[in-house]
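See below for the structure under consideration.
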Amino acid sequence: FFSTTMTSTNNKRTAADAGLPEGDNAPCCWVCLEEGPDKTGAPLVRDCSCRGSSGFAHLSCIIKHAESEGRRVAMENAETGAALFAKAFEYCPNCKQQYQN
């Protein structure tokens, strides 16, 4: 699960680690569409099974997206809301695979 206090990318796969190009072909965050580090300096990470540059995101953006999606799904499904809320933090919405860290 992701935590809003989580700032370390020690076990995350970053765009730089993947050897992806900079400039016009640089990967961008699939949530905010910005290239490079976020406002706090944290790099783009990929922690799922997405391939190419499409799976990279800022951890802070993934957390915001999961919180928003989790609330939306929980409100639509009152009986199973808590379990569905947590699922937004466990699975990538693009490749549908479980986050690895």
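Since this is a predicted model, take the numbers as computed values, not measurements.
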(Q) If you compare all heavy atoms of Arg51 against all heavy atoms of Arg46, which two are closest, and at what distance to 0.1 Å? (A) C-NH1, 3.7 Å
Q: Kindly compute the distance separating OH (Tyr91) from NZ (Lys96), expressed to the nearest 0.5 Å.
A: 12.5 Å
Q. Roughly how far, to the nearest 0.5 Å, is CD of Gln97 from CG of Asp47?
A. 12.5 Å
Q | Euclidean distance, Cys50 SG relative to Asn94 CG, rounded to 0.5 Å | A | 5.0 Å
Q: Would you name the heavy atoms of Glu35 and Cys28 that are closest together and state the gap between them?
A: CG-CB, 3.9 Å
Q: Quick one: do Ser49 and Cys92 satisfy side chain to side chain contact (heavy atoms under 4.5 Å, CB included)? Show the steps, please.
A: CA-CA 8 Å; Ser49 294; Cys92 172; over 6 Å; no
Would you mind writing out the side-chain donor-acceptor pairs for residues 55-66 within the sub-3.5 Å range, not counting sequence neighbours?
from, atom 1, to, atom 2, distance (Å)
His58, NE2, Gly36, O, 2.6
Ser60, OG, Asp38, OD2, 3.1

Q) Got a sec, which residues hit salt bridge (Lys or Arg N to Asp or Glu O under 4.0 Å) with Arg72, two or more places apart in sequence or on another chain? A) Glu69, Glu76
(Q) To check you understand the geometry: which heavy-atom pair defines the closest contact between Phe89 and Tyr99, and what is its length? (A) O-CD1, 3.4 Å
